[in-house]
Amino acid sequence: MQSTLWWQAGILYEIYPRSFQDSNGDGIGDLRGIAERLDYLADLGIKGVWIAPFYPSPMADFGYDISNYSNVDPIFGTLADFDALLAAIHTRGLKLILDFVPNHTSDQHPWFLESRSSLTSPKRDWYLWRDPAPDGGPPNNWVSNFGGSGWTKDGSQYYYHSFLRQQPDLNWRNPEVRKAMFDVLRFWLDRGVDGFRVDVMWMMIKDSQFRDNPINPASTPETSASARYLALYNTNRPEVHEIVTQMRAVLDSFGDRLLIGELYLPFEQLVTYYGVGLKGAQLPFNFHLMQSAWNAQAIAEIITNYEADLPAGAWPNWVVGNHDQPRIASRVGTGLARIAAMLLLTLRGTPTMYYGEEIGMTDVPIPVNEVQDPAEKNEPGKGQGRDPERTPMQWNSGPGAGFTTGKPWLRLSASFDEVNVATLTHQKDSILNLYRELIQLRNENAALNSGRIEGVTALDTVLRYERVDDLGRFLIVLNFAGTPVSVAMPSRAAVLSTHLDQPGDSNLRPYEGRIFQL
Ligand code: TEU
Ligand code: CA
């Protein structure tokens, strides 16, 4: 049997660095702050830490607009802080995944400043410049993911940006761009990082003819600008796979490293990112649990379809939250959030947790005058804003929730005095202790972290499946309803339940899940 790799058996944990831990009282999380919390992460039992961008940035999109790929923004610290953090992570046997943003730079990046300086600049072709349409308007109908045209006029031409106008898209058809960006990967790999999560992997290259996108027949006046068209010609182009393979080759030349792709795609397209001969991304992020209805049938269908679409030898993965999506506890409710925990940590494939999920953090409503996210500012009221899921981590009930001694950059949850790590640690039946037990059970049992999945079935409100290897067999039974249900279960006690007080009968209580060892 092939041995299991660290990123297969282990759990990944996403940190949004502005919001995890502030070390200097300016209200913004930083690298030293993350270092202060490593014992918490090691104790929780996760394996890989993914930190969202901390590079120099004008912060138009909070770090996803990068003006220097090979340094640390002073808000977050210094390269020395980074090296110290990486060493501390490795000392604990953990791994570090960085965020790589290849699709676009900041408009303040020296490359773009040079590119826009003249039509004949040697870096003109590093970005996507086009002449205006005959009527003087944008070259085609591609829209920005944050609303409005994807084209901004600068001098006599337009440049394309999939996101803000402060985030011009790089031209990945240009070999010099590839070389410069692969050098960025090498810069961090040389320092010892264990892998990358690649931002908008499916958007990296666009149609060479810049054809118009077709109208999305399902769109309504209420949908966001980007949902009004089908992104046929500006995303998921066939040429993207060559770039992914080249990135993977750069990582492989450093040994055991991990390439993750951010990909919002249906399964049959998603799995193409594993690449021919599995030479693409090892983990094309599977976001389907974030987008599906939460009932036993819908989730059984997702599991079955995903497993069926996986290429031979491809390793699955699951995500229930990230810094762009409503928090799971808000989306499905606090009852189902426990089921979500049990599901995420017992499915076959690498789980990725989002900071705060383990304490059941919910979206925090942000008053209009405190909105930070450009996605909300550009298209107010369309549900595009991401501030609610980016609020500071709740560590304790003290001032600043233990996150900061200053004024947090984004307001804290009103319930932080109850929902926080310190308080929940002492409540036996808290969601935090459920996460801890689930993680421990998963880490200690190969059947759960790397075994097969069998017998996925949905009956009424109950989802069940088994996880199996040569040494063990576990049965997972999850009730997705807020009402009790009577189901056939083994007569013995469960090894773990979402509810502490097990009646030991054949009734699952509202939103109860149980794990049996068979
Ligand atoms: O997100 C890409 C992306 O598709 C998001 O725009 C997502 O669809 C949206 O936020 C859902 O509400 C990545 C990063 O994760 C995001 O934070 C960045 O803003 C974006 O790329 C641009 O770099
Ligand atoms: Ca700080």
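Just so it is clear, the model here is predicted, and its values are computed rather than measured. Heavy atoms only: backbone and side chains are in, while hydrogens, waters and symmetry mates are out. Indexing begins at 1, ligand by ligand and atom by atom, following the structure's order.
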Tell me which one of Arg386, Met290, Glu389, Glu262 gets a heavy atom nearest to atom 3 (C) of ligand 1.
Glu262
Any N or O on [X] sitting closer than 3.5 Å to an N or O of ligand 1?
X      : answer
His323 : yes
Asn145 : no
Arg197 : yes
Gln325 : no
Gln384 : no

Where does the angle between the aromatic ring planes of Tyr354 and His323 fall among parallel (under 30°), tilted (30 to 60°) and perpendicular (over 60°)?
tilted
Closest protein heavy atom (residue, atom, distance) for [atom]:
atom                    : result
atom 13 (C) of ligand 1 : Asp199 OD1, 2.9 Å
atom 20 (C) of ligand 1 : Phe163 CE2, 3.8 Å
atom 5 (C) of ligand 1  : Asp324 OD2, 4.0 Å
atom 8 (O) of ligand 1  : Tyr264 CE1, 4.3 Å
atom 22 (C) of ligand 1 : Asp61 OD2, 3.5 Å

If every non-hydrogen atom of Pro221 is compared with every non-hydrogen atom of Arg228, which pair is closest and at what distance?
O-NH2, 4.4 Å
How far apart are the closest heavy atoms of Asp30 and Phe76, and which atoms are they?
CB-O, 3.5 Å
Enumerated ligand 1 atoms positioned under 4.0 Å from heavy atoms of Arg390
17 (O)
Check each atom of ligand 1 against the heavy atoms of His104 and keep those under 4.0 Å away; list them by number with element.
22 (C), 23 (O)
N, O or S atom of Gly27 closer to the Ca ion (ligand 2) than 3.0 Å
no
Can you tell me if, anywhere in Ser23, an N/O/S atom lies at a distance from the Ca ion (ligand 2) that is smaller than 3.0 Å?
no
With a 3.5 Å cut-off and no angle check, do the side chains of [X] and [Y] form a donor-acceptor pair?
X      : Y      : answer
Asn140 : Trp151 : yes
Thr404 : Asp22  : yes
Ser19  : Trp409 : yes
Tyr306 : Glu301 : no
Asp61  : Gln167 : yes
Gln21  : Tyr40  : no
Tyr64  : Asp99  : yes

Measure from NZ or CZ of Lys95 to the centre of the six-membered ring of Trp7 and say whether it is under 6.0 Å with the direction within 45° of the ring axis.
no
Should the proximity of Phe146 to ligand 1, defined as any heavy atom under 4.0 Å, be assigned to the side chain, the backbone, both, or neither?
side chain
With a heavy-atom distance limit of 4.0 Å, tell me whether Trp202 approaches ligand 1 through its side chain, its backbone, both, or neither.
side chain
Apex the Ca ion (ligand 2); atoms Asp26 OD1 and Asp30 OD2; angle rounded to 10 degrees
170°
Using a strict threshold of under 4.0 Å (side-chain N to carboxylate O), is an ion pair present between Glu370 and Arg411?
yes
In Asp22, which N, O or S atom comes closest to the Ca ion (ligand 2)?
OD1
